[in-house]
Amino acid sequence: MSAPASLRPDLQMIADWVTPRSRVLDLGCGEGDLLTWLQAHKQVSAYGVDFDVNNVVRCVAANVNAIQGDLEAGLAEFEDQRFDHVVLSQTIQAMHNTEQILLEMLRVGREAIVTFPNFGYWENRWQILKGRMPVSDDMPYQWYNTPNIHWCMLGDFDALCAKNGLRVVERVVMTGGRRVHFLPNLRGSLAFYRVTRG
């Protein structure tokens, strides 16, 4: 399987932050689109972890090193500072041990790249005012079948980082594949963070 010529805008945002020829761990890597692209275009040393064994098989078929694993159990199989970038894309809100996985990411890597749906986005607020839980492109599930168990806004994630002495190197907010600069917590549907140890 060859690398995709282009990536979804959210994955491209992550790829733009990754240093060429670096070591990258993608947690919840799916079918490996990001890692396949990074191997082809930035010559990274790529490794993926996914809970779904079918995704792992697809990664291996695309020449991406991947293992089946439960992120809730931690990252004990990886030694300290093995990676330059550790990616967790649109998954942290579905994890029970949110704080622990963030700290583990920065144990095994120099930098964590975390993305999540921004619950503070105006369309989400509007749906709540109308008496319904939000459903959108970035949160496509109904209340009764969503894997998302922790909703947060930009300030919540900033506070979590501050509580743990972590430094937010960069934050970008997007809606519909475009960056949002004005009123990001209200107008941005998807948040992107680069985080390091303080």
Side-chain angles (χ1 to χ4, degrees), residues 1-117 138 140 147-148 150 157 161 166 168-172 174 177 190-197:
M1 175 190 273
S2 61
S6 62
L7 292 168
R8 293 187 332 239
D10 61 309
L11 295 181
Q12 188 61 60
M13 180 70 243
I14 295 168
D16 290 346
W17 280 344
V18 171
T19 309
R21 291 174 292 284
S22 58
R23 299 162 298 158
V24 180
L25 174 63
D26 188 359
L27 304 174
C29 61
E31 296 181 4
D33 290 346
L34 175 64
L35 295 178
T36 303
W37 191 93
L38 287 171
Q39 285 182 154
H41 297 276
K42 290 201 169 182
Q43 295 74 50
V44 304
S45 173
Y47 210 117
V49 179
D50 203 276
F51 186 75
D52 186 336
V53 70
N54 294 316
N55 284 340
V56 173
V57 169
R58 290 182 187 100
C59 285
V60 171
N63 292 319
V64 171
N65 292 319
I67 60 169
Q68 193 275 337
D70 180 2
L71 300 180
E72 297 285 3
L75 304 174
E77 64 269 31
F78 300 110
E79 62 266 19
D80 293 358
Q81 301 298 290
R82 177 171 175 189
F83 299 96
D84 299 300
H85 308 279
V86 182
V87 177
L88 187 64
S89 176
Q90 298 188 55
T91 303
I92 199 165
Q93 75 281 356
M95 302 198 63
H96 288 90
N97 299 313
T98 303
E99 188 171 16
Q100 185 59 36
I101 193 62
L102 182 59
L103 295 174
E104 275 287 273
M105 290 172 74
L106 288 169
R107 178 186 65 77
V108 303
R110 285 189 311 105
E111 174 181 89
I113 298 175
V114 179
T115 77
F116 57 88
D138 293 317
N148 301 322
H150 295 299
F157 194 78
C161 291
L166 307 180
V168 175
V169 176
E170 190 171 356
R171 179 181 77 190
V172 169
M174 297 177 80
L190 196 58
F192 300 76
Y193 278 80
R194 292 175 62 202
V195 179
T196 62
R197 292 275 181 190

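Worth knowing before you read on, the calculation uses all heavy atoms, side chains too, and leaves out hydrogens, waters and symmetry mates.
- Between Q90 and L190 there is a side-chain heavy-atom pair separated by less than 4.5 Å.
- The side chain to side chain contact (heavy atoms under 4.5 Å, CB included) test with L35 is passed by exactly one of L25, V64, V44, N65: V64.
- Counting only heavy atoms from C-beta outward, the side chains of V24 and L34 never approach each other to under 4.5 Å.
- Here F83 contributes atom CZ and R110 contributes atom CZ; the two are 13.0 Å apart, rounded to the nearest 0.5 Å.
- Using a 4.5 Å heavy-atom threshold, the side chains of F157 and R171 count as separate.
- Judged by distance alone, the side chain of R194 and the main-chain N or O of E111 form no donor-acceptor pair under 3.5 Å.
- A donor-acceptor contact shorter than 3.5 Å links the side chain of E72 to the backbone of N97.
- Note that the SG atom of C59 and the CD1 atom of I67 stand 11.0 Å from one another [nearest 0.5 Å].
- Heavy atoms only, all atoms of each residue included: L7 and A15 are closest at CD1-CB, 3.9 Å.
- When all heavy atoms are compared, the tightest approach of G74 to E104 is C-OE1, 4.1 Å.
- In terms of modelled atom types and a separation under 3.5 Å, the side chain of Q81 and the main chain of G109 share a donor-acceptor contact.
- Using a 4.5 Å heavy-atom cutoff, the side chains of L102 and V114 are in contact.
- In this structure, CE on M174 lies 9.5 Å from CD on Q12, to the nearest 0.5 angstrom.
- With hydrogens and angles ignored, the 3.5 Å screen pairs a side-chain donor or acceptor of R107 with a backbone N or O of L75.
- You'll find the side chain of T19 stays beyond 4.5 Å of the side chain of D84, heavy atoms only.
- No hydrogens or angles considered: nothing links the side chains of N63 and Q39 as a donor-acceptor pair under 3.5 Å.
- Nearest heavy-atom pair, M95 versus I101, reported as atom, atom and distance to 0.1 Å: SD-CG2, 3.8 Å.
- Rounded to the nearest 0.5 Å, atoms SG (C29) and CZ (R58) are 11.5 Å apart.
- Taking the six-membered ring for Trp and thresholds of 30 and 60 degrees, F116 and Y193 have nearly parallel ring planes, at less than 30 degrees apart.
- Note that CE of M105 is 7.0 Å distant from CD1 of I92, once rounded to the nearest 0.5 Å.
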- Apply side-chain contact (heavy atoms from CB on, under 4.5 Å) to F78 and V49, showing your working. CA-CA 11 Å; F78 300 110; V49 179; 3.9 Å; yes
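- The heavy-atom pair separating W17 from E170 by the smallest distance is NE1-OE1, 3.2 Å.
- Among all heavy-atom pairs drawn from E31 and N55, the shortest one is CG-OD1, 3.4 Å.
- Smallest separation of non-hydrogen atoms from V172 and M13: CG1-SD, 3.8 Å.
- For the pair V108/E79, no side-chain contact is recorded, criterion being any heavy-atom separation below 4.5 Å from C-beta on.
- The CD1 atom of I14 sits 6.0 Å away from atom CZ of F192, with the distance rounded to the nearest 0.5 Å.
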